[in-house]
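Okay, so here's the structure we're looking at.
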Amino acid sequence: MAPKVEQKVTITAIAQEAGVSVPTVSRVVNGRSDVAPATRARVEELLRQYGYRRRTASSGDRPALIDLVFNDLDSPWAVEIIRGVEETTHEVGFGTVVSAIHDRAGSARQWMRNLRARASGGVILVTSVLEPVLHEELHRLGVPLVVVDPSGSPALDAPTVGATNWAGGMSATEHLLELGHRRIGFIAGPPRLLCSRARLDGYRAALEAAGVGVDDRLMVPGDFYHESGFNGCNRLMDLDEPPTALFAASDQMALGAIEALRRRGMRVPEDVSIVGFDDLPEVRWSAPPLTTVRQPLVEMGKVAARTVLRQARGEEIDSPRVELATELVVRASTAPLPG
């Protein structure tokens, strides 16, 4: 019989010694009935041997917290995700700790030290890329993890929540094609992000399906922020044959493009039609109100929070990959091609 020890022991360590899954141990810890009697007895014996104490919001020793981690927090896009997560965690008495690691290794390691100190109940990563060693540390600690809008394949076998970015990119481009536009410019997002590549692929697919050739000169880089939309629009308008319509891969870039056109004395949509992506609250009040692809950001936050909470309770999740539907929202920034 293993002696009772004083150091902290994780559910993961108990599961490994018992030869069962982490969710099975969590079910025993939470008093669930859906565990075979022999398995329950083996797990409970190990819990007693190691002096494991369940961490709950009411136990008074550790707070019930969910960590929500972004690369940066300087976007209204992040605010919408936070709203969804906080609404869901608040309902069950959990707090939310919001952090930004700015894609810096030092910031990420400091965040991990803070997480260990407060014994987080789960982590939601939003487009953040952690070093493999930090992923391994999360796994070792038995901390549930969900990735929102992943940049690629997560280093851990973690559930992911995203949106139908390819379909959204295709519907935005199809809308402009249906209005008669054939020279459609595209202002891209960061190529390292899966969502950016998917929106670009949707744009290409729509052009090809319509028999319109893909012109690389009509595609310019961006980073999802206003300034890159402003600069990208100016590059496109300086072409010998500028586009008659633009699809910007984020609302903020679309707003930057509208400002670039305004400074040139050009009108939207009379001279150039513009479509964005996200449907941030502010675009309903832009001049003109922006046609865009609605990404269900609040719901993405809610689904991620529900998923990580289910993992924390030791429950099975419905699917390791959830993609929520996007929807084209037509407003006043797009119009038929003149002539």
Side-chain angles (χ1 to χ4, degrees), residues 70-84 98 100 102-103 126-128 148-149 151 162-166 168-169 171-173 175-176 184-200 202-203 218-237 243 245-264 266 268-269 272-301 324 326-334:
F70 295 85
N71 285 334
D72 292 289
L73 291 170
D74 55 354
S75 166
W77 185 91
V79 174
E80 297 301 292
I81 295 285
I82 293 170
R83 279 180 51 204
V98 180
H102 309 291
D103 272 340
V126 185
T127 69
S128 298
V148 175
D149 212 9
S151 58
T164 54
N165 289 286
W166 183 89
S171 65
T173 311
H175 172 65
L176 294 171
I184 301 172
F186 181 73
I187 306 176
R192 65 184 178 82
L193 298 181
L194 189 62
C195 62
S196 298
R197 300 195 298 272
R199 293 170 199 178
L200 172 59
Y203 161 81
L218 293 178
M219 295 181 288
V220 296
D223 60 10
F224 285 161
Y225 293 100
H226 295 88
E227 187 173 356
S228 67
F230 180 91
N231 294 333
C233 178
N234 280 327
R235 283 182 56 179
L236 291 168
M237 291 300 113
L246 297 177
F247 169 32
S250 78
D251 284 348
Q252 289 181 283
M253 292 195 300
L255 295 177
I258 290 174
E259 176 61 16
L261 293 168
R262 186 192 68 80
R263 294 190 189 185
R264 285 173 172 259
M266 301 178 73
V268 177
V272 180
S273 287
I274 293 187
V275 180
F277 201 109
D278 286 329
D279 196 27
L280 298 174
E282 65 192 86
V283 303
R284 287 171 286 179
W285 307 103
S286 63
L290 183 67
T291 295
T292 187
V293 176
R294 176 177 294 153
Q295 185 174 200
L297 297 170
V298 173
E299 185 61 24
M300 287 164 64
L324 302 180
T326 53
E327 175 188 4
L328 181 69
V329 181
V330 179
R331 297 194 181 99
S333 68
T334 52

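Index from 1, following the sequence.
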Could you pull out every donor-acceptor pair under 3.5 Å between side chains of residues 230-237 and any protein atom, sequence neighbours left out?
residue: Asn231; atom: ND2; partner: Glu227; partner atom: O; Å: 3.3
residue: Asn234; atom: OD1; partner: Arg264; partner atom: NE; Å: 2.9
residue: Asn234; atom: ND2; partner: Phe230; partner atom: O; Å: 3.4

### Message
Would Asn165 and Asp149 count as a side-chain contact (heavy atoms from CB on, under 4.5 Å) here? Give the steps.
### Response
CA-CA 10 Å; Asn165 289 286; Asp149 212 9; 4.0 Å; yes
#### Entry: side-chain contact (heavy atoms from CB on, under 4.5 Å) evaluation trace for Val329 with Val283
CA-CA 11 Å; Val329 181; Val283 303; over 6 Å; no
### Message
Quick one, Ile81 with Phe70, criterion side-chain contact (heavy atoms from CB on, under 4.5 Å). Give me CA distance, side-chain angles, the key distance, then yes/no.
### Response
CA-CA 10 Å; Ile81 295 285; Phe70 295 85; 3.9 Å; yes
### Task
Kindly indicate, with the supporting measurements, whether the criterion side-chain contact (heavy atoms from CB on, under 4.5 Å) is fulfilled by Leu255 and Glu282.
CA-CA 10 Å; Leu255 295 177; Glu282 65 192 86; 3.3 Å; yes
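Side-chain atoms of His175 and Thr334 form a donor-acceptor pair, as typed in the model, at a separation below 3.5 Å.
What you find for Asp72 and Ala78 is that their closest heavy atoms are O-CB, 4.4 Å. When all heavy atoms are compared, the tightest approach of Phe277 to Thr292 is N-OG1, 3.0 Å. The minimum heavy-atom distance between Pro296 and Leu324, with the atom names listed, is CG-CB, 3.6 Å. Taking all atoms of both residues into account, the shortest heavy-atom contact from Gly222 to Met253 is CA-SD, 3.9 Å. In plain terms, the two heavy atoms of Arg199 and Ala249 that are nearest each other are NH1-O, 2.7 Å. Residues Ile274 and Ala257 share a closest heavy-atom pair of CD1-CB, 4.0 Å.
Without hydrogens or angle criteria, Thr326 side chain to Val293 main chain gives no donor-acceptor distance under 3.5 Å. A side-chain donor-acceptor contact under 3.5 Å links Asp223 to the backbone of Tyr225. Under a 3.5 Å cut-off, the side chain of Arg294 and the backbone N or O of Asp278 do not form any donor-acceptor pair. A donor-acceptor pair under 3.5 Å is formed between the side chain of Ser196 and the backbone N or O of Pro190.
At least one side-chain heavy atom of Leu280 sits under 4.5 Å from a side-chain heavy atom of Leu297. With contacts defined as side-chain heavy-atom distances shorter than 4.5 Å, the pair Pro243/Val272 does not qualify.
More than 12 heavy atoms of other residues, nucleotides or ligands shown are found within 6.0 angstrom of CH2 on Trp77.
A distance of 11.5 Å separates CG in Leu200 from SG in Cys195, rounded to the nearest 0.5 Å. If you take OG on Ser286 and CD1 on Ile258, they are separated by 5.0 Å, rounding to the nearest 0.5 Å.
For Phe186, the ring-ring contact (aromatic ring centres under 6.0 Å, His included) test picks out Tyr203, Phe247, with sequence neighbours left out.
Residue Asp279 is tested with Gln295, Arg331, Arg284 for a side chain to side chain donor-acceptor pair (under 3.5 Å); the sole match is Arg331.
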